[in-house]
Amino acid sequence: MNEAAFKYEVGINKLVQKPGRSLTEFLDWDIVKGVFRLDVFTSIQKHIQKHFKDTRLRQLMEFPVLFLGALPENTPALYSLMNYADIKGGTWYPNGGMYAVVDAMYKLAVELGVEFHFNEPVEKIQVKAGKATGVQTTRGEKTYEADIVVSGADYQFTESVLLEEPYRTYSPAYWERRVMAPSCLLYYVGLNKKLTHARHHALFFDVPFESHAAEIYKKPGWPTDPLFYVSVNSVTDKQVAPEGMENLVFLIPVASGLENDSEEVREHYFQMIVKRMERHLGESIADSVIYKKTYSVTDFVNDYHSFRGNAYGLANTLMQTAVFKPACKSKKVSNLFFTGQLTVPGPGVPPSLISGEVVAREVFKIFGR
Ligand SMILES: Cc1cc2nc3c(=O)[nH]c(=O)nc-3n(C[C@H](O)[C@H](O)[C@H](O)COP(=O)(O)OP(=O)(O)OC[C@H]3O[C@@H](n4cnc5c(N)ncnc54)[C@H](O)[C@@H]3O)c2cc1C
């Protein structure tokens with residue numbers, strides 16, 4: 001934990017705040033002197049094996065890494081900082097669910113004078129002589145003029161669809177070579193009864209971890225026997241389900257870009273994981289389902305323009321970290337910036353939010369306040 005605490009402190013206070021536009025940014029004394037303690041060159045699998053003997057504990061420690069986009073044997077041990085965040089930081093739940101965070105940020109932004117235009121996707125970023133002049137939306141021909149454009153949409157989509165070819169920094173071949181973090185298969189489920197033994201969070205490790213991980217990363221395909229996570233937030237939060245009912249979300253990590261994402265495939269996995277949960281809890285679930293919505297790879301593509309339907313951005317491999325990530329500032333359009341999980345510092349809610357802070361600082365640095 002002490003080692004992980006060090007990584008967490010340096011990671012959160014130093015590494016994630018860098019715009020990743022030059023290697024010289026990392027010539028920071030704390031980073032340089034701590035480079036070996038940061039464990040960038042050891043795998044997290046080896047690191048965990050050094051500290052834990054029990055297979056179950058090893059799997060528990062390795063599980064968060066599954067979302068980072070590489071097998072534990074190929075992920076730098078730097079990411080034991082995630083275990084530190086989990087174990088020492090704790091697991092916190094915003095009353096009302098994750099959307100309560102979005103809503104709070106929205107209200108704060110409105111208070112600060114931000115104007116939102118919903119249900120009006122951007123169709124084109126207009127550029128003249130290497131400078132973005134505005135954006136065109138589905139609203140029609142009229143464009144929104146802009147001094148600076150910041151795109152928070154999927155990076156690959158922004159570059160490949162919203163920008164004309166001469167203004168794209170990265171080629172189709174570049175994107176083809178990117179290694180993506182997983183997508184996921186989700187079920188939003190309502191039950192017309194209370195479960196007696198359910199907990200708010202549960203990770204199902206009742207099947208081998210290695211084979212599921214291999215089906216995400218080594219030989220991408222629909223998993224044979226997947227691990228899954230289930231959240232029953234109505235156990236903690238009375239607002240998320242009517243009295244006497246339960247609100248469940250099931251999540252199965254799957255490889256990005258999977259084909260054959262059909263209703264039959266989704267139903268197959270639903271039956272499989274519900275049976276496993278019923279067996280574990282010793283109570284029925286399937287016969288009390290009154291609401292079910294599924295969400296997976298094709299929905300991420302259609303709703304979010306997500307590259308290969310990824311849910312967690314680029315894989316956190318060493319060669320896709322910091323300066324090796326798609327840059328937060330366009331190299332072809334002088335006043336175009338990018339935020340979100342495909343640029344620095346990387347995937348996840350906190351890093352994506354931090355990417356906004358990083359870009360704001362870059363904008364002020366280059367264009368003044
Ligand atoms: C089920 C699930 C569970 C997760 N769990 C965790 C977790 O426990 N911890 C964690 O840290 N991370 C988690 N993540 C990952 C995290 O949610 C993402 O990394 C993060 O939300 C990405 O933020 P973003 O700003 O890059 O993208 P988004 O949040 O997707 O925002 C991009 C926005 O751009 C909009 N957009 C797209 N195209 C256009 C257009 N043409 N015009 C205008 N707007 C457009 C989209 O509608 C979207 O609102 C999870 C993700 C999923 C799917």
Side-chain angles (χ1 to χ4, degrees), residues 11-12 16 63-69 79 81-83 85-86 89-94 97-99 101-103 105-106 109 116-125 134-139 143-144 146 149-163 180-188 200-201 203 228-231 233 248-254 256 293-316 325-326 328 337-359:
I12 289 296
V16 299
F63 184 75
V65 170
L66 206 60
F67 296 95
L68 288 177
Y79 288 104
L81 65 84
M82 288 173 77
N83 301 118
D86 271 352
T91 301
W92 296 83
Y93 173 79
M98 274 306 282
Y99 191 72
V101 178
V102 177
D103 203 36
M105 287 177 60
Y106 166 71
F116 287 83
H117 297 261
F118 293 118
N119 301 316
E120 227 190 286
V122 173
E123 288 187 316
K124 189 173 181 189
I125 298 173
V135 295
Q136 195 176 308
T137 70
T138 49
R139 182 176 76 152
T143 54
Y144 291 93
V149 173
V150 179
S151 172
D154 184 278
Y155 202 123
Q156 189 269 349
F157 167 80
T158 304
E159 275 249 314
S160 316
V161 178
L162 303 184
L163 278 178
M180 302 312 291
S183 183
C184 49
L185 172 52
L186 294 157
Y187 303 90
Y188 300 91
H200 185 136
H201 299 286
L203 292 167
F228 66 96
Y229 162 75
V230 58
S231 160
N233 62 350
L248 285 72
V249 178
F250 294 86
L251 186 162
I252 305 177
V254 297
S256 292
K293 181 181 169 175
T294 65
Y295 204 91
S296 197
V297 184
T298 46
D299 301 299
F300 283 105
V301 174
N302 295 338
D303 296 348
Y304 293 104
H305 306 128
S306 161
F307 182 49
R308 294 190 206 143
N310 81 83
Y312 302 93
L314 283 172
N316 281 308
K325 272 193 195 300
C328 68
F337 295 82
F338 297 85
T339 61
Q341 61 180 0
L342 266 72
T343 185
V344 287
V349 173
S352 298
L353 290 174
I354 291 169
S355 75
E357 292 183 291
V358 170
V359 160

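This is a predicted model, so every value here is computed, not measured. Counting convention: from 1, in listed order, for ligands and their atoms alike.
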Participant: Is it true that a side-chain atom of D103 and a backbone atom of Y99 form a donor plus acceptor pair closer than 3.5 Å?
Facilitator: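 No: the side chain of D103 does not pair with the backbone of Y99.
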
Participant: Using distance alone, decide if ligand 1 has a nitrogen or oxygen within less than 3.5 Å of any nitrogen or oxygen in V349.
Facilitator: yes

Participant: How far is atom 20 (C) of ligand 1 from its nearest protein heavy atom, and which residue and atom is that?
Facilitator: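 Answer for atom 20 (C) of ligand 1: S352 OG, 3.7 Å.
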
Participant: Could you measure the distance from the OH atom of Y79 to the CG atom of N316? Nearest 0.5 Å is fine.
Facilitator: 3.5 Å

Participant: Identify the protein heavy atom lying closest to atom 38 (N) of ligand 1, giving its residue, its atom name and the separation to 0.1 Å.
Facilitator: H305 ND1, 2.9 Å

Participant: Does Y295 reach ligand 1, in the sense of a heavy atom lying below 4.0 Å from it?
Facilitator: no

Participant: Of all heavy-atom pairs between G346 and P351, which one has the smallest distance, and what is that distance?
Facilitator: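 Nearest pair, atom of G346 first, then P351: O-CB, 3.1 Å.
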
Participant: Just wondering, do L314 and M180 contact through their side chains at under 4.5 Å, heavy atoms?
Facilitator: yes

Participant: Could you tell me whether a side-chain N or O of S183 sits under 3.5 Å from a main-chain N or O of G309, the two making a donor and an acceptor?
Facilitator: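 Pair found, side chain donor or acceptor close to backbone of G309.
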
Participant: With rounding to the nearest 0.5 angstrom, report the NE2 to OG distance, H305 to S160.
Facilitator: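 One gets 12.5 Å once the value is rounded to the nearest 0.5 Å.
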
Participant: Would a search of protein heavy atoms around atom 18 (C) of ligand 1 find one under 4.0 Å away?
Facilitator: yes

Participant: Roughly how far, to the nearest 0.5 Å, is the CG atom of D154 from the CZ atom of F300?
Facilitator: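 Interatomic distance, F300 CZ to D154 CG, rounded to 0.5 Å: 12.0 Å.
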
Participant: Is any side-chain heavy atom of E120 less than 4.5 Å from a side-chain heavy atom of T138?
Facilitator: yes

Participant: What is the distance from atom OG1 of T137 to atom CD of E123, rounded to the nearest 0.5 Å?
Facilitator: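 Answer for the OG1-CD pair, T137 versus E123, is 7.0 Å.
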
Participant: Using distance alone, determine whether D154 and ligand 1 share an N or O pair under 3.5 Å.
Facilitator: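 Between D154 and ligand 1, no N or O pair is found under 3.5 Å apart.
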
Participant: Below 3.5 angstrom, do we get any N/O pair linking Y304 and ligand 1?
Facilitator: no

Participant: Please check atom 14 (N) of ligand 1 for a protein heavy-atom neighbour under 4.0 Å.
Facilitator: yes

Participant: Looking at L186, which atoms of ligand 1 are within less than 4.0 Å of one of its heavy atoms?
Facilitator: 1 (C)

Participant: Polar-atom distance check: P350 versus ligand 1, any N or O pair below 3.5 Å?
Facilitator: no

Participant: Among L251, N310, V297, which residue meets the side chain to side chain contact (heavy atoms under 4.5 Å, CB included) test with C184?
Facilitator: L251

Participant: For atom 43 (C) of ligand 1, what's the nearest protein heavy-atom neighbour? Residue, atom name and distance, please.
Facilitator: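 The protein heavy atom lying closest is V122 N, 3.7 Å.
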
Participant: Could you tell me the separation between the CZ atom of F67 and the OH atom of Y312, rounded to the nearest 0.5 Å?
Facilitator: 4.5 Å

Participant: Would you say P121 has any N or O atom under 3.5 Å from an N or O of ligand 1, going by distance alone?
Facilitator: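 No, there is no polar N/O contact under 3.5 Å.
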
Participant: Could you check which of Y312, Y229, F67 puts a non-hydrogen atom nearest to atom 6 (C) of ligand 1?
Facilitator: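 Nearest option to atom 6 (C) of ligand 1, by heavy atoms: Y312.
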
Participant: Could you tell me, atom by atom, which parts of ligand 1 come under 4.0 Å of a heavy atom of F300?
Facilitator: 53 (C)

Participant: Taking heavy atoms and a distance under 4.0 Å, where does Q341 meet ligand 1: side chain, backbone, both or neither?
Facilitator: both

Participant: May I ask you to list the atoms of ligand 1 that are less than 4.0 angstrom from any heavy atom of L251?
Facilitator: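 Answer, ordered by atom number: 1 (C), 3 (C).
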
Participant: Would you say the side-chain atoms of S355 pair up with the backbone N or O of G340, donor to acceptor, closer than 3.5 Å?
Facilitator: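 Pair found, side chain donor or acceptor close to backbone of G340.
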
Participant: Using modelled atom types and a 3.5 Å cut-off, is there a donor and acceptor pairing between side-chain atoms of T343 and backbone atoms of P326?
Facilitator: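 Between the backbone of P326 and the side chain of T343 there is a qualifying donor-acceptor contact (under 3.5 Å).
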
Participant: To which protein heavy atom is atom 34 (O) of ligand 1 closest, and what is the distance rounded to 0.1 Å?
Facilitator: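 Answer, as residue, atom name and distance: A153 CA, 3.7 Å.
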
Participant: Does atom 23 (O) of ligand 1 have a protein heavy-atom neighbour under 4.0 Å away?
Facilitator: yes

Participant: Specify whether the nearest protein heavy atom to atom 29 (O) of ligand 1 is under 4.0 angstrom away.
Facilitator: no

Participant: Starting from atom 25 (O) of ligand 1, find the nearest protein heavy-atom neighbour and note its residue, name and distance.
Facilitator: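 Of every protein heavy atom, G340 CA, 4.0 Å lies nearest to atom 25 (O) of ligand 1.
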
Participant: For ligand 1, which atoms sit closer than 4.0 Å to a heavy atom of G152?
Facilitator: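 Near G152, the atoms of ligand 1 are 32 (C), 34 (O).
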
Participant: Under 4.0 Å from a heavy atom of A311: give me the atoms of ligand 1 that qualify, with their elements.
Facilitator: 15 (C), 51 (C), 53 (C)

